[in-house]
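Reckoned from all heavy atoms, side chains included, excluding hydrogens, waters and symmetry mates. Counting starts at 1 for both ligands and their atoms, following the listed order.
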Amino acid sequence: MLTLVIGNKNLSSWSLRPWLVLKHFGIEFEEVKLPLDTPAFHRDIVKYSPTRRVPVLVDGAITIWDSLAIAEYLNEKVQGRAWPADAAARALARAVSAEMHSGFAALRTHWPMKATGTASVQLPPEGEADVARVQQLWHEIRSQYAQRGPWLFGEYSIADAMYAPVALRFRHYGAKFSSEVAAAYQQQLVHDAHMQAWIADSQLEVDNNWGTPA
Ligand SMILES: N[C@@H](CCC(=O)N[C@@H](CS)C(=O)NCC(=O)O)C(=O)O
């Protein structure tokens, strides 16, 4: 049995990614949730992760930290089905996933993920540039792959999980869309049943003050 250690569902964008990959590919797992920025987190994370960060996946004697490394490990568990089947789409899916993993610093800093609620926060120019780049990328790829299905490359892939937290950021901060195609894809990510379950759990955390130090 796999164990995925995650942070608060309302806050932990990196945790959401592998959680969605597990759900979308029907891989059974046990979820362990630690409250970020609390003494309990620092006490318990050392039992699981050498980096003291979430997410971390434990599969028997194997420990995998970092969301993209976990996604790649899960891809092997499903015989490569978590990336697009054709080589050109797969190469592009890997490129945009890596771009998400190592980029968009201004967007991530100024619009931290919140799975619930709304807020109005003005982005600096570099944050606006990140928003524009995400929307351009979504517009171009969705326009190319629309006939294959509703996800970024048609069928669900790791690329969709990598961009899922951005869909929640756009929702929370009320991002304006420059493209209807990009706006429709954001709705696809938000209204996904697994995403809705994550959002419902996030709302329970907020309602119960879960993870807030006493
Ligand atoms: N590159 C890492 C980032 C992981 C990360 O920054 N996790 C944050 C929460 S979303 C964390 O564990 N923070 C706790 C801390 O730094 O004490 C990944 O992709 O998994």
Side-chain angles (χ1 to χ4, degrees), residues 2-25 27 29-59 62-77 82-83 93-117 119 121 127 130 134 137 152 157-173 189 194-195 197-199 201-206 210-214:
L2 302 178
T3 301
L4 183 71
V5 185
I6 62 173
N8 309 43
K9 288 187 171 170
N10 191 39
L11 307 174
S12 187
S13 61
W14 296 112
S15 299
L16 172 58
R17 296 170 169 102
W19 188 92
L20 283 173
V21 176
L22 285 158
K23 291 287 183 185
H24 271 274
F25 291 93
I27 305 167
F29 68 105
E30 188 196 349
E31 176 183 304
V32 172
K33 193 166 73 161
L34 303 179
L36 288 165
D37 292 324
T38 64
F41 181 88
H42 298 293
R43 183 191 64 218
D44 293 338
I45 191 63
V46 292
K47 293 182 222 160
Y48 300 102
S49 176
T51 62
R52 303 179 179 216
R53 293 190 158 207
V54 286
V56 55
L57 185 78
V58 182
D59 184 9
I62 304 172
T63 294
I64 308 115
W65 59 95
D66 194 281
S67 53
L68 194 51
I70 296 169
E72 289 285 9
Y73 184 77
L74 296 174
N75 177 58
E76 292 180 11
K77 288 247 176 232
W83 288 116
R94 282 201 162 108
V96 297
S97 295
E99 183 179 348
M100 177 72 247
H101 200 55
S102 60
F104 302 111
L107 172 59
R108 294 213 299 251
T109 303
H110 296 280
W111 280 5
M113 190 187 94
K114 298 241 169 59
T116 61
V121 176
D130 283 350
V134 169
L137 178 162
L152 199 53
S157 78
I158 289 168
D160 297 292
M162 290 303 291
Y163 281 88
V166 177
L168 293 182
R169 289 179 160 100
F170 284 180
R171 175 179 181 256
H172 183 83
Y173 298 100
L189 287 171
H194 297 305
M195 182 75 113
W198 178 279
I199 293 169
D201 288 350
S202 302
Q203 191 60 56
L204 284 176
E205 288 176 4
V206 173
W210 184 87
T212 308

For ligand 1, protein residues within the heavy-atom limit of under 4.0 Å are S12, W14, L36, F41, H42, R53, V54, P55, D66, S67, H101

Under 3.5 Å side-chain donor-acceptor pair for D66 and H101: yes

More than 12 heavy atoms from other groups under 6.0 Å of CH2 on W210: yes

Taking all atoms of both residues into account, what is the closest heavy-atom pair of A71 and I158, and its distance? O-CD1, 3.5 Å

Under the 6.0 Å and 45° cation-pi test, does R17 pair with W19? no

Between D59 and K77, is the closest basic N to carboxylate O distance under 4.0 Å? yes

Can any side-chain N or O of N10 pair as donor or acceptor with the backbone N or O of T116 at less than 3.5 Å? yes

